[in-house]
Every structure is written in structure tokens, then in C-alpha cells.
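All remarks here apply to the structure that follows.
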Amino acid sequence: PWWFRDADGDGWGDIHDRSQGCNQPSGYVADDSDCDDTIADSSPQFGCPFEVVAAGDDAFCAVQSNGRLTCMGAPWVTNGQPELGVVSVSVGRGHACAVTVAGALQCWGRNDAVLLGLEGVDDDLMQVSIDGNHTCAVDDDGAVRCWGDGIAYTVDRGVPFERVEAGAAHACALYDG
């Protein structure tokens with residue numbers, strides 16, 4: 001099972017600081033729902049603040065500080081979404097994608113124009129962005145990968161990108177330096 005570090009001793013662990021093993025390590029708990037593991041009074045009992053909000057044509061999603069994802073809007077947006085461990089989310093025209101704390105890409109919704117992913121673009125990711133029928137993601141090496149709407153390409157310029165924003169027929173990426 002997974003164990004989650006409980007640095008503040010409140011009984012709720014940090015989903016971003018985890019360990020897997022048969023025996024529970026000291027200072028770790030099974031509950032991963034802490035809002036802020038540096039403040040004992042920050043409790044999921046009272047609801048965690050939202051840190052990321054993404055809106056598309058007919059739906060929106062929001063990620064709480066503890067990595068929990070909530071989506072509302074069109075019926076497709078609540079079918080197949082991850083619920084825990086989300087660090088990045090983006091919503092487009094009939095589909096959405098999220099990156100989990102493990103770097104995995106999970107997409108849901110309609111899949112025309114290869115919207116829900118491309119072979120080899122589903123792990124070790126940091127951030128995802130959608131505009132309409134075009135999806136881009138930044139992997140942990142800093143390369144930008146884009147797909148959907150009849151395109152598929154990777155941009156690796158030798159400098160690691162930190163963030164990407166997809167446009168209707170283009171993408172812009174930010175790098176440090």
C-alpha cells in the first residue's frame with residue numbers, strides 16, 4: 001500500500017510525499033487528504049482551498065491543495081476523471097486531461113481527432129494544456145509534446161521548458177533562462 005507523510009502530526013498525510021511498502025513507516029499515515037502538511041490546523045474536514053482552475057467550452061475542473069479534482073458541467077466531464085493526486089488539469093472542447101502526482105497523464109471525454117492521448121505521451125509529465133481540439137504537455141525532461149486535431153509533434157530545444165499553453169493552431173512554452 002501507499003503511505004503518506006504526516007509532517008504536522010494531524011493524522012492526514014501529504015499526497016505529494018509518499019512511500020510504498022508493506023509496513024507503515026514512522027511519520028506516515030494511510031490517509032492522503034491533508035490540505036497543507038505544514039499546518040496542523042489545515043484540515044480536509046473544512047475543505048481545502050482550490051489551487052488550479054481550468055475552464056473549457058462546456059465544463060470546468062478545479063484542483064484542491066490536497067490534489068483532489070472536482071469537475072462540473074457537461075455530462076462527459078465526470079466520466080473517467082481521476083479523483084486524487086492531480087497536479088495539473090486542462091479542459092478543452094469535449095475533453096479534459098490531468099497530470100497526476102506520479103506524472104501520469106489521464107484524459108477523458110470524446111476522442112475524435114486523437115484527443116485523449118498519443119502513444120508514448122502518458123507518463124513522466126509535469127503540466128498539460130488544452131485549447132479546443134489541441135493538447136500539449138511538458139514532460140519531466142522539459143520537452144513539449146502536442147497532439148490532436150491532426151497533429152503530433154515534440155519540441156526539445158536543449159533547454160527545459162517549464163510550462164506550455166496550447167492555442168487553436170499553435171503552442172507557446174516558457175523556459176527558465
Side-chain angles (χ1 to χ4, degrees), residues 1-7 13-21 25 27-28 32-38 48-56 60-71 77 80-92 95-109 111 113-149 151-167 169-177:
W2 284 102
W3 303 100
F4 304 91
R5 184 168 168 78
D6 182 19
D14 180 356
I15 195 161
H16 303 290
D17 190 350
R18 63 188 183 157
S19 177
Q20 190 172 24
Y28 284 72
D32 67 353
S33 59
D34 205 339
C35 297
D36 184 342
D37 206 36
T38 62
C48 299
F50 289 101
E51 292 189 339
V52 178
V53 177
F60 75 93
C61 294
V63 182
Q64 291 177 287
S65 62
N66 63 354
R68 293 194 187 281
L69 178 67
T70 301
C71 295
V77 79
Q81 74 183 42
E83 293 181 14
L84 302 172
V86 174
V87 295
S88 175
V89 65
S90 191
V91 182
H95 79 294
C97 294
V99 175
T100 69
V101 69
L105 178 69
Q106 291 185 307
C107 297
W108 62 100
N111 196 30
V114 192
L115 297 176
L116 300 187
L118 193 63
E119 188 173 329
V121 188
D122 59 357
D123 55 6
D124 298 326
L125 299 176
M126 298 186 313
Q127 185 250 334
V128 64
S129 177
I130 298 172
D131 182 68
N133 294 327
H134 181 204
T135 304
C136 294
V138 179
D139 69 20
D140 65 348
D141 291 326
V144 171
R145 299 175 179 203
C146 298
W147 65 93
D149 211 15
I151 58 128
Y153 60 90
T154 299
V155 178
D156 188 353
R157 302 230 185 239
V159 292
F161 292 106
E162 296 178 357
R163 183 163 186 79
V164 64
E165 289 298 325
H170 68 283
C172 292
L174 176 70
Y175 66 93
D176 187 17

Within-4.5 Å side-chain heavy-atom neighbours: D17 and Y28: yes
Which atom of V128 lies closest to which atom of C97, heavy atoms considered: CG1-O, 3.6 Å
Nearest atoms (heavy-atom pairs only) where F50 meets A62: CD2-CB, 3.3 Å
Donor-acceptor contact present, side-chain S129 to main-chain A166, <3.5 Å: yes
Backbone of R18 reached by a side-chain donor or acceptor of W2 within 3.5 Å: no
N/O donor-acceptor pair under 3.5 Å between H134 side chain and C146 backbone: no
Closest contact, heavy atoms only, V138 versus F161: CG1-O, 3.3 Å
Name of the residue among T70, V53, V52, V87 meeting side-chain contact (heavy atoms from CB on, under 4.5 Å) with V63: V52
Contact summary for D139 and M126, nearest pair of heavy atoms: O-CE, 3.6 Å
Rounded distance [0.5 Å steps], CD in Q106 versus OG1 in T100: 6.0 Å
Check: S88 side chain, Q127 main-chain N or O, donor-acceptor pair, under 3.5 Å: no
N/O donor-acceptor pair under 3.5 Å between D141 side chain and A143 backbone: no
Taking every non-hydrogen atom, the tightest pair across F60 and A55: CB-CA, 3.9 Å
Nearest atoms (heavy-atom pairs only) where W3 meets G21: NE1-O, 2.9 Å
Side-chain (W147) to main-chain (T135) donor-acceptor, under 3.5 angstrom: no
